[in-house]
Protein chains: 2
Amino acid sequence: MSDVPHILVVDDSLEIRNAVSRYLVKNGMRVTKAENASEMDAELAKSRFDLIVLDVMMPGEDGLSVCRRLSSNGSIPILMLTALGEEMDRIVGLEVGADDYLAKPFNPRELLARIKAIVRRSARPEVFGGTLTGKRIRFGHQMLDTDTRVLVDDEGVEAQLSVSEFKLLTVLLERPRLVLTREQLLDLTAGRTPGLFDRTIDNQISRLRRSVEKDPMRPKLITTVRGEGYCLSAEVEDAS
Amino acid sequence: MSDVPHILVVDDSLEIRNAVSRYLVKNGMRVTKAENASEMDAELAKSRFDLIVLDVMMPGEDGLSVCRRLSSNGSIPILMLTALGEEMDRIVGLEVGADDYLAKPFNPRELLARIKAIVRRSARPEVFGGTLTGKRIRFGHQMLDTDTRVLVDDEGVEAQLSVSEFKLLTVLLERPRLVLTREQLLDLTAGRTPGLFDRTIDNQISRLRRSVEKDPMRPKLITTVRGEGYCLSAEVEDAS
DNA sequence: GACGCCACGTTACAAGCCGTTACAAAGCCG
DNA sequence: CGGCTTTGTAACGGCTTGTAACGTGGCGTC
């Protein structure tokens, strides 16, 4: 997620696509347009979006179906748009996984306000847009070069991180002060779900601490939250 | 956030409070009611909520003001409720920091759907240390570093707190001079409700006092209020 | 003032969580 | 194919934490 929200507008009506797009762009957002569900899928594959404005009535796969499909796996917020102002439609829309629902005709300012409310809410407290690639990151008393995977502390001592140590560290750096469960960490670092007695993350944390912590016996940066997970407790800043 | 969402309903009309409350409870949520802004504040101090349903028109501090106040610092989602269905009111509500807006009279099912949508969306990993994250807090004759969970007294003696000691202490530090029952403390620290003869909190207080009190036999900071609960009696200030 | 009840403090203990070490499998590079 | 590093799994031991049990002191009653 970058600094300006990136919105994907999906509607079969050219007129509405353009009107919505123009208004959002004018108010400082980045907008991409799609005419139907398959175009939308193509766009989703190409870039990252902060929110989808989705028309319910469309030729081909309709909005409800799209919504069900996306909200089941993904986590992209959806604002549904429709000509039908009926209460039942609104409710079904929300129950199907949309984050908000607006009936046409709508006031563009209300659309903007609702988009902002959702984006504000789902804005992750990440410092960086999910990618630290090519940056140099300061945290605690050291700096990480994300290109070379080299860690340099304030005294100039360097340490080379292994691939998995580096991956784990970046995942933590992207979410400072957030408690992450082992399951989340394993998912984020390796894309897999833990077995029943999986101690993989414990071990990786232990290895990472050897490189990152001044005193690995008394970890200050990567703290354990018993019964929940681990947490990077330090300021993180871009020092590129 | 525990397994069932905890909703705070703020409305000056008894009728609406009860109706909303009944419907939400029936649908598997936990509900607490407040009649006005100050009652709301009292409830907010006492337990943890996943969402606030907030009436705009209230005697005393009105909904918009409350909303501005809460959304500036906190991160509790707010759903605004109002008799005025005017577009401008909706927009102002959203722009003031509400997450959603619903006009009375409303369909309870839609209210539920919107609440679920917001709660679903804002379910995110826990920020460690609550509102005290990353700060250093002075109280009594000592200072707590919320990053490292280390307690330093005026003579420079350090003590490492365990996770549960730390959580209990931060909960108390966020509410100085307020008497909290064991039930509230257990809810705030562990997100669970006490069993019939649950002495967990007594024990944790006892352990915490060993680290915090100069003379653990005669506690001055964490005082016992017989028959009610515990209370942190000291000035608390941010010393970051 | 003595007694008993009850709330609370403390200790003891057991279960479970977590850190670490050791080892084996898998990858990497020549 | 062989040595090296990296990474997952297993095992041991220490520490944290909830539960139970016992002791103690306050408060009301007589």
Side-chain angles (χ1 to χ4, degrees), chain A residues 148-151 159-171 179-231, chain B residues 128 149-151 159-171 179-231:
Chain A
T148 58
R149 301 204 313 258
V150 167
L151 200 63
Q160 173 74 51
L161 297 182
S162 80
V163 178
S164 71
E165 284 168 349
F166 174 76
K167 186 68 194 151
L168 180 58
L169 181 54
T170 51
V171 163
V179 179
L180 298 164
T181 65
R182 282 150 234 273
E183 186 178 348
Q184 289 172 325
L185 288 168
L186 197 59
D187 183 28
L188 291 164
T189 54
R192 64 197 183 88
T193 48
L196 200 48
F197 296 112
D198 205 317
R199 301 288 307 280
T200 305
I201 291 297
D202 298 70
N203 220 308
Q204 291 192 356
I205 290 279
S206 175
R207 283 168 179 143
L208 179 57
R209 288 214 259 235
R210 265 174 236 156
S211 309
V212 167
E213 298 281 355
K214 280 216 167 125
D215 179 3
M217 305 295 284
R218 271 175 215 81
K220 309 240 159 184
L221 282 167
I222 303 173
T223 50
T224 305
V225 185
R226 189 188 167 88
E228 303 188 38
Y230 297 96
C231 169
Chain B
F128 194 64
R149 304 204 302 253
V150 168
L151 200 63
Q160 174 76 52
L161 297 182
S162 80
V163 175
S164 69
E165 286 167 348
F166 175 76
K167 273 195 181 166
L168 181 57
L169 181 55
T170 51
V171 162
V179 178
L180 294 159
T181 66
R182 282 149 236 272
E183 185 180 349
Q184 288 166 350
L185 288 168
L186 198 59
D187 181 30
L188 291 164
T189 54
R192 63 197 183 91
T193 47
L196 202 47
F197 296 112
D198 204 318
R199 301 288 307 281
T200 305
I201 292 296
D202 299 73
N203 218 311
Q204 290 192 358
I205 289 279
S206 173
R207 283 170 178 142
L208 179 58
R209 289 214 259 234
R210 263 174 240 157
S211 307
V212 167
E213 299 282 354
K214 279 221 167 119
D215 179 4
M217 306 296 284
R218 271 171 217 82
K220 308 246 164 184
L221 282 166
I222 303 173
T223 50
T224 305
V225 183
R226 193 185 166 83
E228 303 191 37
Y230 298 97
C231 169

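Each chain gets a letter, A, B and so on, in the order its sequence line appears, and its residues count up from 1. These numbers were taken from a predicted model, which means no experiment stands behind them.
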NZ on K167(A) to OG on S162(A), rounded to 0.5 Å
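Answer for the OG-NZ pair, S162(A) versus K167(A), is 13.0 Å.
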With a 4.0 Å cut-off on heavy atoms, is G195(B) in touch with a base, just the backbone sugar-phosphate, or nothing at all?
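Here G195(B) touches no strand at all.
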Roughly how many Å is it from [atom1] in [X] to [atom2] in [N], rounded to a whole number?
X: L168(B); N: dG18(D); atom1: CG; atom2: P; value: 11 Å
X: R182(B); N: dG18(D); atom1: CZ; atom2: C1'; value: 15 Å
X: F197(B); N: dG18(D); atom1: CZ; atom2: P; value: 19 Å
X: R226(A); N: dG19(C); atom1: CZ; atom2: C1'; value: 12 Å
X: Q160(B); N: dC18(C); atom1: CD; atom2: C1'; value: 15 Å
X: E165(B); N: dG18(D); atom1: CD; atom2: P; value: 11 Å
X: D198(A); N: dG19(C); atom1: CG; atom2: P; value: 14 Å
X: I201(B); N: dA7(C); atom1: CD1; atom2: P; value: 17 Å

Can you find a side-chain donor-acceptor pair between R199(A) and S206(A) that sits under 3.5 Å?
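Absent: no donor and acceptor within the cut-off.
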With a cut-off of less than 4.0 Å, is there a side-chain N or O of [X] near OP1 or OP2 of [N]?
X: Y230(B); N: dG9(C); result: yes
X: T224(B); N: dA7(C); result: no
X: Q204(B); N: dT17(D); result: no
X: S162(B); N: dT17(D); result: yes
X: S164(A); N: dT7(D); result: yes

Please produce a list of atom pairs where a protein N or O lies less than 3.5 Å from an N or O of nucleotides 26-30 of chain C.
none

Please walk me through it: do L151(A) and E165(A) pass side-chain contact (heavy atoms from CB on, under 4.5 Å)?
CA-CA 11 Å; L151(A) 200 63; E165(A) 284 168 349; over 6 Å; no
Quick one: are R192(B) and T200(B) in side-chain contact, heavy atoms under 4.5 Å?
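Yes; the side chains approach each other to less than 4.5 Å.
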Around atom CD of E183(B), are there more than 12 heavy atoms from other residues, nucleotides or ligands closer than 6.0 Å?
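No, CD of E183(B) has 12 or fewer neighbouring heavy atoms, counting only those of other groups under 6.0 Å.
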Determine whether more than 12 heavy atoms belonging to other residues, nucleotides or ligands lie under 6.0 Å from atom CD of Q160(A).
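For Q160(A), atom CD is crowded (more than 12 foreign heavy atoms under 6.0 Å).
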Partners passing side-chain contact (heavy atoms from CB on, under 4.5 Å) against T223(B) (at least two apart in sequence or in another chain):
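Testing T223(B) for side-chain contact (heavy atoms from CB on, under 4.5 Å), a comparison that skips the adjacent residues, returns C231(B), S233(B).
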Verdict with supporting geometry, Q204(B) and Y230(B), side-chain contact (heavy atoms from CB on, under 4.5 Å)
CA-CA 12 Å; Q204(B) 290 192 358; Y230(B) 298 97; over 6 Å; no
Just the table, please: protein N/O against nucleotides 20-23 of chain C N/O, every pair under 3.5 Å.
unit_1	atom_1	unit_2	atom_2	d
dT20(C)	OP2	S206(A)	OG	3.0
dT21(C)	O4	N203(A)	ND2	3.2

Identify the two heavy atoms, one from V163(B) and one from R149(B), that lie closest to each other, and give their separation to 0.1 Å.
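Closest heavy-atom pair between V163(B) and R149(B): CG2-NH2, 3.4 Å.
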